[in-house]
Chemist: 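Before I ask anything, let me first share the structure, which is written out below as structure tokens.
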Amino acid sequence: MAKNITSQEKDYSQWYLDIIREAKLAQHSPVRGCMVIRPNGYALWENMKAELDRMFKETGHENAYFPLFIPKSFLSKEAQHVEGFAKECAVITHSRLINSDNGVDVDPDSRLEEELIVRPTSETIIWDTYRDWIQSYRDLPILVNQWANVVRWEMRTRLFLRTMEFLWQEGHTAHATRQEAEEETRRMLEVYKTFAQDFMAMPVITGVKTESERFAGAEDTYCIEALMQDGKALQAGTSHFLGQNFAKAFNVTFQDSDGQLKHVWATSWGVSTRLIGGLIMTHSDDHGLVLPPRLAPTQVVIVPIWKNEDERSTVLSYIAPIRAALLAQGVRVKLDDRDNLKPGWKFTQYEIEGVPLRIAVGPRDAQSGNAELARRDTREKSIVPSAGLAQQIPGLLEEIQSSLFNKALERTQQGTHVAATYQEFRQILDEKGGFVYAHWDGTAETEAQIKEETKATVRCIPFDNPHDTPGECMVTGKPSPRMVLFARAY
RNA sequence: CGGGGCGUAGCGCAGCCCGGUAGCGCAUCUGCUUUGGGAGCAGAGGGUCGCAGGUUCAAAUCCUGUCGCCCCGACCA
């Protein structure tokens with residue numbers, strides 16, 4: 001095990017923090033609950049963002065940007081929405097500082113006439129704007145996404161998983177009919193599922209949230225849920241069918257082809273830097289980060305080995321065509337020819353940083369026409385001929401990608417249980433954790449009781465439900481139309 | 001907001017109980033030797049011990065206050 005990394009078995013929470021620190025993904029900021037995303041972490045986010053952005057555009061969306069500040073009055077317009085976010089808003093009250101004995105103080109004379117809210121999400125300001133954009137059914141649909149930061153004043157934070165400020169994308173669409181909006185909600189959930197599974201190699205369950213877990217202001221919230229290595233679930237993305245709630249609150253109407261004035265139907269959907277936390281907890285191990293090749297900022301690192309200037313030039317010229325062939329194939333390759341660090345140090349460091357493949361080349365390889373190839377996921381090493389090596393790399397990267405997914409899928413399946421009784425339910429949670437299917441009577445009271453007694457929540461009512469048969473609630477014995485998916489969650 | 005922990009060199013920490021001129025590892029700089037799994041030797045630089053009071057001849061250490069961060073719980077993506 002790499003030094004400075006606590007083992008998962010000893011303390012999963014500490015392991016997670018150690019990985020982030022040692023892989024240089026992020027660090028705590030001077031401000032409580034905020035983080036500095038370091039270049040390694042940001043490069044990962046940029047790759048995730050690039051793929052998602054491409055997928056959004058393929059489904060007809062355009063990017064726009066709405067302001068960070070929202071008039072306080074906007075938040076009060078949709079009743080459920082206010083209730084959901086009121087307790088975690090940063091409020092701007094003043095606009096100036098003045099010099100004082102302590103350095104600077106807020107200038108009491110600069111109090112704002114209307115206080116501003118730092119967006120916790122942008123529905124309100126966007127729907128206030130959409131009112132101006134929409135008159136006729138010919139103006140619909142509006143399919144807009146924005147990449148932005150948002151602020152939620154959280155009591156307890158964890159790097160990437162829950163920070164006071166985080167980066168995300170929020171899609172906000174407007175439609176003429178309920179059906180079209182519902183289809184959009186489901187379409188974007190599928191986009192998230194595809195992204196999670198095909199790029200992050202993170203298997204997810206799709207489903208609908210219960211009323212108590214629903215987004216504030218939504219009629220329905222759909223989600224992707226993933227199971228982490230420690231048996232806790234992570235909500236990795238949400239897509240909301242907002243009905244006409246925001247259209248009514250912000251008076252957004254359109255004249256339909258039948259001449260009638262109607263309220264617009266809405267959706268919103270988002271994923272955030274929280275996904276990075278999910279990525280870490282899906283694949284990484286006690287040796288460091290493990291990154292899926294499709295998102296890894298560096299896919300292949302080449303470490304040359306030499307003892308003297310002659311060997312250095314021999315090895316580097318031996319490597320040059322390999323590197324060129326990789327670049328020509330679009331492989332993200334990095335050559336680390338620094339002379340102040342030993343090869344062994346580099347091996348360890350790139351393992352900590354999660355680079356999927358490493359090629360090491362020394363004088364012996366240059367002599368024999370070989371190279372040493374090492375996989376991060378399995379940590380297998382092999383000596384391979386350098387001829388044709390570069391051409392095999394893209395296939396190998398894809399093999400690693402699918403191997404990571406399959407391993408995570410198997411872990412998720414093995415971590416998914418079925419509980420017939422409440423006693424069994426509690427036993428599974430305490431002994432194994434993981435996803436637990438169980439019958440529930442569908443009431444918020446019972447849900448709250450289960451949460452209180454077991455810390456587990458209904459993660460979702462899965463769409464593709466293997467236990468879609470009626471039964472009796474494990475707590476109350478009342479009728480239950482189907483089992484739902486429970487877990488303790490982040 | 002409750003419980004726990006921590007603020008000492010760029011990073012990670014010891015020293016505090018029992019007061020006496022601030023230490024260790026990593027990193028940095030110089031030189032030589034090294035380079036196939038976190039190199040070795042020799043030397044060097046770097047700290048108002050979170051902050052403010054107090055006790056004392058003397059405070060990183062004892063007392064009081066204060067600020068901040070992290071972790072575990074009540075809320076949430």
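Proteins get letters first, then strands, A, B, ... in listed order; numbering begins at 1 in each.
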Chemist: With a 6.0 Å cut-off on ring centres, are A:Tyr222 and A:Phe463 close enough?
Modeler: yes
Chemist: Who does B:G2 pair with, Watson-Crick or G-U, both distances under 3.5 Å?
Modeler: B:C72
Chemist: For nucleotides 3-12 of chain B, read 5' to 3', which letter fits each nucleotide if B means a protein heavy atom sits under 4.0 Å from the base, S means only the sugar-phosphate is that close, and - means neither?
Modeler: ----------
Chemist: Do A:Lys346 and B:G36 have a side chain to base donor-acceptor pair shorter than 3.5 Å?
Modeler: no
Chemist: For the pair made of CD in A:Glu453 and P in B:A74, what is the distance, rounded to whole Å?
Modeler: 14 Å
Chemist: For nucleotides 65-73 of chain B, just jot down a letter per nucleotide in 5' to 3' order: B, S or -, based on protein non-hydrogen atoms under 4.0 Å.
Modeler: ----SSSSB
Chemist: Give me each pair satisfying side chain to side chain donor-acceptor pair (under 3.5 Å) with a member in residues 289-302 of chain A, each pair once, sequence neighbours excluded.
Modeler: A:Arg294-A:Glu398
Chemist: Are the ring centres of A:Trp269 and A:Phe56 closer than 6.0 Å?
Modeler: yes
Chemist: Would A:Arg358 pass as a cation-pi partner of A:Phe347, given that its NZ or CZ must be under 6.0 Å from the six-membered ring centre and within 45 degrees of the axis?
Modeler: yes
Chemist: Using ring centroids (six-membered ring only for Trp), state whether A:Phe215 and A:Phe85 fall under 6.0 Å.
Modeler: yes
Chemist: Give A:Leu234 one of three labels, base, sugar-phosphate or nothing, depending on what nucleic acid heavy atoms sit under 4.0 Å from its own.
Modeler: nothing
Chemist: B:A59 pairs with which nucleotide, Watson-Crick or G-U wobble, both distances below 3.5 Å?
Modeler: none
Chemist: Regarding A:Asn308, tell me which of base, sugar-phosphate or nothing describes its non-hydrogen contacts under 4.0 Å with the strands shown.
Modeler: nothing
Chemist: May I ask you to evaluate whether A:Lys342 reaches the phosphate of B:G36, defined as a side-chain N or O under 4.0 Å from OP1 or OP2?
Modeler: yes
